[in-house]
Number of protein chains: 2
Amino acid sequence: MEKIARRKREHLAHRREILQAAERVFAAKGFFYTTMNEIAQVAEFGTGTLYNFFKSKEDLYFTLIDEKTDEINRLVKAELSQKTSAIERIKKILVLQLEFIERNRDFFRIYTSEGSRFEWAIKDDCGKKIHDKMVDYIQLLAKTFEQGMKEGELKRMNPLDLAHAFEGIVHSFIFEWLISPESYSLISKADTILGIFLKGTEKEERRK
Amino acid sequence: MEKIARRKREHLAHRREILQAAERVFAAKGFFYTTMNEIAQVAEFGTGTLYNFFKSKEDLYFTLIDEKTDEINRLVKAELSQKTSAIERIKKILVLQLEFIERNRDFFRIYTSEGSRFEWAIKDDCGKKIHDKMVDYIQLLAKTFEQGMKEGELKRMNPLDLAHAFEGIVHSFIFEWLISPESYSLISKADTILGIFLKGTEKEERRK
DNA sequence: ATTAAAAATGAATATATATTCATAATGTGA
DNA sequence: TCACATTATGAATATATATTCATTTTTAAT
């Protein structure tokens, strides 16, 4: 009798355990100050075992980022396929993103440290791949904004600029939440973010 | 006759040269992929010489960030001591910041990669010091916003949130500019940034 | 020119850790 | 139980580079 199916399941389970351990350690110490040994210990495997699953430390690291990035990208894409108004979608995307991050605090410590470092340090396919996904995501947002303009909900401006501005605001709130010692709900900031983004900060009666 | 004054001047000049070389290399490769040897070569000194000026690689790195950070902080503080309206000041700060970055592209590659990495990786005084300066800067902004609210120019909201949102937008534009292959003027984005921040993105006539 | 102090040097050292691989442990089917 | 295949292991290897320090070079005053 072939137990090959079970084998496969266990292999995947082990892989996942390693990825989870890596997530914990990388989040706490960053890529360079994390040792394979430490990850192995946290994962309760021998050091060499990691190399049966990932061909190098970088491979492990990028796989981790890559898979989680896909996860949230899928969520957002699903949302965007819904036929609602642009502003509704933006709200939904924002909430989705914040919820996801609240569930994946560790991962986002890694992700935000990545934003800048690797683009220019590593020309490997790995770093490239992650970067491309970031770009895709921004493009997706830009499309949504563009549609909002067409439908007359948003002011006409460069949709890419808008996407960057939006992600910028969101990231700064995420970042603040990540380093804050007191734990508050990130989602509670959704209205603030949306308010600033849509309505601006200048007092209304001042406008002509 | 004592030529000690000249000695001092030359010492400082050498120090500056090393810092400039370090800036170039760190910006291109990041902290970990940069070697002291390489910095020494770019600076046209022997490897050991660097250690007559800085006690370690980290010391060199943090000194670099620290001094440049002070430089821009001084500029901003000088601006804030002027007695103009809050919105005027915000405009000025924004332009100052963008101009400074345009003049210090390399430095900001380093600075933006730092934002996240070291807070949690290094508990040394060095990292702490930089972080504290970032916090100070945000506080400064927050104060300005608060004043804007008191004077009725800005909507009432949490001034810290506002400061984060502002820096978030600005950073995303800087980041985009840094990685963009075509070189455009960063300052040309000032109006876009200010527009989004003050007026928001929702089309006016939609508002009740 | 002589000398002593200061500064620069880069080869040698010390260390850290990613990766490998010979071996052990475990699982599988007969 | 046995033989085989697969997987796990961690000590040993290989490498890279931050840092040191004995030596050389430069400086400045006499």
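So you know, we letter chains A, B, ... as the sequences are listed, proteins then strands, and number each from 1.
A perpendicular orientation is assigned to the rings of B:Phe32 and A:Tyr33, their planes being inclined by more than 60° (bins at 30° and 60°). Taking the six-membered ring for Trp and thresholds of 30 and 60 degrees, A:Tyr61 and A:Phe26 have ring planes more than 60 degrees apart, a perpendicular arrangement.
The side chain of B:Tyr51 lies closest to D:dT20 when the candidates are D:dT9, C:dT9, D:dT20. Among the nucleotides C:dT9, D:dT19, D:dA8, the one closest to the side chain of A:Phe45 is D:dA8. Residue B:Lys57 has its side chain nearest to D:dT19 when only D:dA8, D:dT19, C:dT9 are considered. Checking C:dA6, C:dA18, D:dT19 against every side-chain atom of A:Met36, the shortest atom distance belongs to C:dA18. In this structure, of D:dA8, C:dG27, C:dA8, it is C:dG27 that holds the atom nearest to the side chain of A:Arg7. Counting only heavy atoms from C-beta on, A:Asn52 has its side chain closest to D:dA8 among C:dG27, D:dT19, D:dA8.
Across the protein-nucleic acid pair, B:Lys8 atom NZ and C:dA6 atom C1' stand 14 Å apart, rounded to whole Å. The separation between B:Tyr61 atom OH and D:dA18 atom P is 14 Å, rounded to whole Å. If you take CD of B:Gln41 and P of C:dT9, they are 12 Å apart, rounded to a whole angstrom. Taking atom CZ of B:Phe31 as the reference point, atom C1' of D:dT17 lies 12 Å away to the nearest angstrom. Rounded to an integer number of Å, the gap from B:Leu60 CG to D:dT17 C1' is 15 Å. One interatomic measurement links the two molecules: CZ of B:Phe53 to C1' of D:dT19, which rounds to 17 Å at whole-angstrom precision. Going from atom OH of B:Tyr33 over to atom P of D:dT17 covers 10 Å, rounded to whole Å. Atom CG in A:Leu50 sits roughly 9 Å away from atom P in D:dT9 (whole-Å rounding).
Across all strands, B:Thr35 comes closer than 4.0 Å only to sugar-phosphate atoms, never to a base (heavy-atom distances). Among the protein residues, B:His11 comes within range of no part of the nucleic acid, since none of its heavy atoms lies under 4.0 Å from any strand. At a threshold of 4.0 angstrom between heavy atoms, the contacts of B:Phe54 with the nucleic acid are absent.
With sequence neighbours excluded, no residue satisfies side chain to side chain donor-acceptor pair (under 3.5 Å) with A:Ser185.
A salt bridge is absent between A:Glu79 and A:Arg89: the closest approach of a Lys/Arg side-chain nitrogen to an acidic carboxylate oxygen does not fall below 4.0 angstrom. Remark: B:Lys189 does not engage B:Glu176 in a salt bridge, criterion side-chain N to carboxylate O under 4.0 Å.
Along DNA chain C, the nucleotide closest to A:Asn37 and the one closest to A:Arg6 are compared, and the more 5′ of them pairs with A:Asn37. Between A:Lys55 and B:Glu44, the residue anchored closer to the 5' end of DNA chain C is B:Glu44, taking for each the nucleotide with the nearest heavy atom.
Distances shorter than 4.0 Å separate none of the side-chain N or O atoms of A:Thr47 from OP1 or OP2 on D:dG10.
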